[in-house]
Protein chains: 2
Amino acid sequence: MNIGTAARASGIPAKTIRYYEEIGLIQPAERSDGNYRVYGEHEVQTLRFIRRARSLGFSVDEVAELLDLWRDRSRSSRRVKALANRHLEDIDGKIAALKTMRDTLNELIERCHGDARPDCPILADLAGQGDVADMEVEKSD
Amino acid sequence: MNIGTAARASGIPAKTIRYYEEIGLIQPAERSDGNYRVYGEHEVQTLRFIRRARSLGFSVDEVAELLDLWRDRSRSSRRVKALANRHLEDIDGKIAALKTMRDTLNELIERCHGDARPDCPILADLAGQGDVADMEVEKSD
DNA sequence: TATAAGGATTCCAGTGACTGGAAGGTCAAG
DNA sequence: CTTGACCTTCCAGTCACTGGAATCCTTATA
């Protein structure tokens, strides 16, 4: 099958498949007489693996590692789990950061009248009611 | 004060301040005789505003809008609140997406022995136990 | 058989928000 | 007068694609 069909079968855009080939995430595809990339079921499975891993937030580098592990029949599940755990912590960190943002922002929003008047706790906070602590300005001029 | 001092005073790296100037987020700074950028308290306050807004996850474009609003004495808090609310929804969307990832990944991790053996539910899921539904493969060759 | 449509190919550029580094200019202290 | 800290500009790289232009291949139809 051609790249378009493989794209539809895997859920990865053709452009992205070419990109994955270019960066070495996947092997260069075989070519037809007319220089078209040719894919088989095996390649599509790999592509789906990649798509699923990406959808779980793994970086392309991590996906490369996962692919290696997947293909390595003598792998230990320990290594896979470690990789996944590292990523999980990553996600947890991001969630925590977003939650902090969210809560701060939400509090500000709740305190804002949201009417025609200009005075606004959101802007007030951004302008300095916030964390302007521990900042020592040395005057050099 | 010079850019390094303004950087320390605002918490924004000198490089980033130059970048903000380049993209037009802030006005080009005055220059000294030796062509050094010169900043005053006013500029530092703007920089701090930007830093705080960025730390709440606003994009640079949104920060530009917030700066406009901040400077506009005839603004309505309604507009600020609307902008903040849009961003809040954005954050909520991201949190939700990350949580979904997190839960899926966590479940997979919990089912993984994490020992010397190769069999691993994480890889099994990536390889296709997952959402391979609604995918119609038309055979064109 | 000509041609048109719908793929495919390569290559270049842009996204967002910086960050690193090279090559060189400026300034204050010793 | 030199040293070292700081500043300048400019170019490149990050991450993971995505858009678009110009051109080529394949297949179906008039």
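Chain naming here is simple, since letters A, B, ... match the order of the sequence lines and numbering starts at 1 in each.
- The listed nucleotides are C:dC18, D:dA16, D:dT8; the one nearest the side chain of B:Arg37 is D:dT8.
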Would you list the protein and nucleotides 1-5 of chain C atom pairs, both N or O, that sit under 3.5 Å from each other?
none

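- Taking the ring pair (Phe, Tyr, Trp, His ring centres under 6.0 Å) definition, one finds that A:Phe49 meets it with A:Trp70, sequence neighbours left out.
- Side-chain atoms of A:Ile3 lie closest to C:dA8 of the nucleotides D:dT18, C:dC18, C:dA8.
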Check nucleotides 12-16 of chain C against the protein and report each pair of N or O atoms closer than 3.5 Å, with its distance, or say if there are none.
none

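- Note that the two end axes of the helix from C:dT1-D:dA30 to C:dG30-D:dC1 enclose an angle of 30°, each drawn from 5 base pairs, rounded to 10 degrees.
- Ionic pairing of A:Glu21 and A:Arg37 is present here: one or more N-O contacts between side-chain nitrogen and carboxylate oxygen are shorter than 4.0 angstrom.
- No contact: A:Phe58 has no heavy atom under 4.0 Å from any strand.
- With hydrogens and angles ignored, the 3.5 Å screen pairs no side-chain donor or acceptor of A:His87 with any backbone N or O of A:Glu62.
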Set out, line by line, the N/O atom pairs under 3.5 Å between protein and nucleotides 25-27 of chain D.
residue	atom	partner	partner atom	Å
D:dC25	O2	A:Tyr36	OH	3.1
D:dT26	OP1	A:Gly34	N	3.2

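- For residues 71-80 of chain A, the side-chain hydrogen bond (donor to acceptor under 3.5 Å, both in side chains) pairs, not counting sequence neighbours, are A:Asp72-A:Ser74, A:Ser77-B:Asp115.
- Residue A:Ile23 is classed as having no contact, given no heavy-atom separation below 4.0 Å to the nucleic acid.
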